[in-house]
Number of protein chains: 2
Amino acid sequence: MKRSGRRSGKPDTKEEILTAARRLFAEHGFESVSVRRIAADAGVDPALIHHYFGTKDDLFLAAIELPIDPGPEIAAALRAGGLEGAGGRLMHTFVSIWDGPHHDKLVAVARTAVSKPAMSLMFRKLFERRIVKTISEVIGDEVDHVHVRANFIGSQIFGIIMTRYILKLEPMASLDAEELAETIGPTIDRYLTMPVEHIAARH
Amino acid sequence: MKRSGRRSGKPDTKEEILTAARRLFAEHGFESVSVRRIAADAGVDPALIHHYFGTKDDLFLAAIELPIDPGPEIAAALRAGGLEGAGGRLMHTFVSIWDGPHHDKLVAVARTAVSKPAMSLMFRKLFERRIVKTISEVIGDEVDHVHVRANFIGSQIFGIIMTRYILKLEPMASLDAEELAETIGPTIDRYLTMPVEHIAARH
DNA sequence: CCATTAATTCATCTGTTGATGAATTCGACC
DNA sequence: GGTCGAATTCATCAACAGATGAATTAATGG
């Protein structure tokens, strides 16, 4: 029967808390998860969470550990070849990132962006300042109105994120990166090359 | 100074509550809105809400008033012409529905589907049982593997819903139905006609 | 005009939430 | 080996959640 006080050994409790927080935030979203629940999952007293991280918002920020900068990977994917096939490479990059070790963080952000205005804003900024900017810089001189194009591309990618990682619809959820890139790639290619003056003109 | 008891006249308080609920649920999502807040917005005592609708879940269900059946409109759009242009007509139909009087209900459902598992399930069922089924019935003999195709179409439509109605990114949020249909249409057309055996084979 | 029923509010309960401060235990350092 | 600081828990708060039952007022039908 452990009473109170410090534990034996040197357990990395801080990291255990973060892991539990990431898992739960990703699975249920920010408001549906209580600090107590996270503490229970981490096998820790709730007060310890506040001791380490402060408020619940602070814990969330620590758990998602922004900024995750996908800029370089996107740029590399775009530079790996010409405009043809760029969509497939882009899609493959995205899915790889989301399937990778940052999965829980990213899903947590996406889920929370839908219900928490501050997170929604952060999402928008991340999209505009990293993704759109990177795309612009890399292929901005081969193509016009990159901002509009990037938003259409974003709409398709966001749809994949939702159906694959949040709603987990089949077959989206279980396709692998190659299949998705192959199937979605041409859509993105088209958004990169189609004429968009009539839309861009209205800013 | 009004104390308690019944009000004069015949105000449609029930509907005022539902309207406030729809607005708030659409704007903030289910868990972020309290019964008290809805009551305040409707200018009513919180107890009245429970009196009329029972639990908060019941209120939500009453507010979104399912099922909204988009089947007929989708079927009509598909039947209005051949396979070419079907994507544009489909997109136009969707955007018109979401921009129409059911806007708040639909946004409320979409927002809540991301954080509430029960709503997520309802969303999936609505998608499979209404949309996929309708598409299958109407063009199922012109095209194979409709289920897989419908899911790719769904991913693009869901992306539009998210960027346009939830995150409200520009220019998505302010384009009109025609422009969206024109731009997204070909994407959907492609998902309707591209080969998908390799994906469908894995079920 | 009286009785019934519907509409509305009040006061209140219970559970949960995020959060705090004091108390306890352990590790590390000199 | 005593001291100091870090780690951990306990008990507890105030705010707010959803919910309930009784009390009050108005409309309605006979």
Side-chain angles (χ1 to χ4, degrees), chain A residues 1-22 24-25 27-64 108 111-112 115-119, chain B residues 1-22 24-25 27-64 108 111-112 115-119:
Chain A
M1 58 189 75
K2 67 180 174 199
R3 295 287 298 160
S4 77
R6 187 170 189 162
R7 287 184 195 164
S8 307
K10 41 178 84 82
D12 198 357
T13 314
K14 218 165 160 181
E15 199 53 46
E16 273 172 34
I17 293 174
L18 286 176
T19 305
R22 274 184 211 114
L24 291 169
F25 283 144
E27 197 166 354
H28 308 290
F30 181 79
E31 18 257 332
S32 300
V33 177
S34 65
V35 172
R36 286 168 157 86
R37 174 75 194 280
I38 296 171
D41 264 45
V44 164
D45 188 279
L48 190 57
I49 292 185
H50 289 113
H51 171 65
Y52 275 135
F53 302 99
T55 144
K56 187 188 177 187
D57 281 306
D58 294 339
L59 169 64
F60 184 80
L61 291 179
I64 62 179
R111 259 226 167 78
T112 306
S115 59
K116 220 176 178 241
M119 210 36 52
Chain B
M1 59 189 76
K2 67 183 176 199
R3 295 286 300 160
S4 77
R6 187 172 188 160
R7 287 183 195 165
S8 307
K10 41 178 83 82
D12 198 355
T13 314
K14 218 164 161 179
E15 200 54 45
E16 273 172 35
I17 292 173
L18 285 177
T19 305
R22 272 184 212 113
L24 290 169
F25 283 144
E27 198 166 351
H28 307 290
F30 181 78
E31 17 256 332
S32 300
V33 178
S34 65
V35 172
R36 287 169 154 85
R37 173 74 194 279
I38 296 172
D41 263 46
V44 165
D45 189 279
L48 190 57
I49 293 185
H50 289 114
H51 171 65
Y52 275 135
F53 301 99
T55 145
K56 187 188 176 187
D57 282 304
D58 294 338
L59 169 63
F60 184 80
L61 290 179
I64 62 178
R111 259 225 168 78
T112 306
S115 59
K116 223 179 174 237
M119 208 40 49

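Chain naming here is simple, since letters A, B, ... match the order of the sequence lines and numbering starts at 1 in each.
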- Euclidean distance, atom CZ of residue A:Phe30 to atom C1' of C:dT17 [Å, nearest integer]: 12 Å
- Could you tell me the separation between the CG atom of A:Leu59 and the C1' atom of C:dA19, rounded to a whole number of Å? 13 Å
- Task: Kindly compute the distance separating CG (B:Leu18) from CD1 (B:Ile64), expressed to the nearest 0.5 Å.
- Result: 11.5 Å
- Task: Give the rounded distance in Å between these two atoms: CZ of A:Arg36 and C1' of D:dA15.
- Result: 12 Å
- Message: Rounded to whole Å, please give me the gap between NE2 in A:His50 and P in C:dT17.
- Response: 12 Å
- Query: Rounded to the nearest 0.5 Å, how far does CZ of A:Phe25 lie from CZ of A:Arg22?
  - Reply: 11.0 Å
- Query: Excluding sequence neighbours, so at least two apart, what forms salt bridge (Lys or Arg N to Asp or Glu O under 4.0 Å) with B:Arg111?
  - Reply: none
- Should B:Thr55 be listed as having a side-chain N or O under 4.0 Å from OP1 or OP2 of D:dA19? yes
- Note: A:Glu31-B:Lys116 ion pair, threshold 4.0 Å (strictly below): no
- Message: Does a side-chain N or O of A:Ser34 approach OP1 or OP2 of C:dT16 to a distance below 4.0 Å, or not?
- Response: no
- Atom CZ of B:Arg37 to atom P of D:dC16: distance rounded to whole Å? 13 Å
- Here the distance between atom C1' of C:dA6 and atom CG of B:Leu48, to the nearest Å, is 11 Å
- N or O in side chain of A:Tyr52 less than 4.0 angstrom from D:dT8 OP1/OP2: yes
- Close side-chain approach of A:Ile38 to A:Leu59, heavy-atom, < 4.5 Å: yes
- Task: Enter the distance from B:Asp57:CG to B:Phe30:CZ here, rounded to the nearest 0.5 Å.
- Result: 4.5 Å
- Query: Where the side chain of A:His51 is defined as all heavy atoms beyond and including C-beta, which of D:dA7, D:dA19, D:dT20 is the nearest nucleotide?
  - Reply: D:dA7
- Look at A:Thr13 and D:dT8 and indicate whether a side-chain polar atom (N or O) is within less than 4.0 Å of OP1 or OP2. yes
- Task: Quantify the bending of the helix from C:dG15-D:dC16 to C:dC30-D:dG1 as the angle between its end axes, each fitted on five pairs, to 10°.
- Result: 10°
- Task: Let me know the distance between CD of A:Glu16 and P of D:dA7, rounded to the nearest Å.
- Result: 14 Å
- Select one nucleotide: of D:dT9, C:dT9, D:dG18, the one nearest the side-chain heavy atoms of B:Asp45. C:dT9
- Separation of A:Lys14 NZ from A:Ile49 CD1 (nearest 0.5 Å): 13.0 Å
- Message: Measure CD1/A:Ile38 against P/C:dT17 and give the value in whole Å, please.
- Response: 11 Å
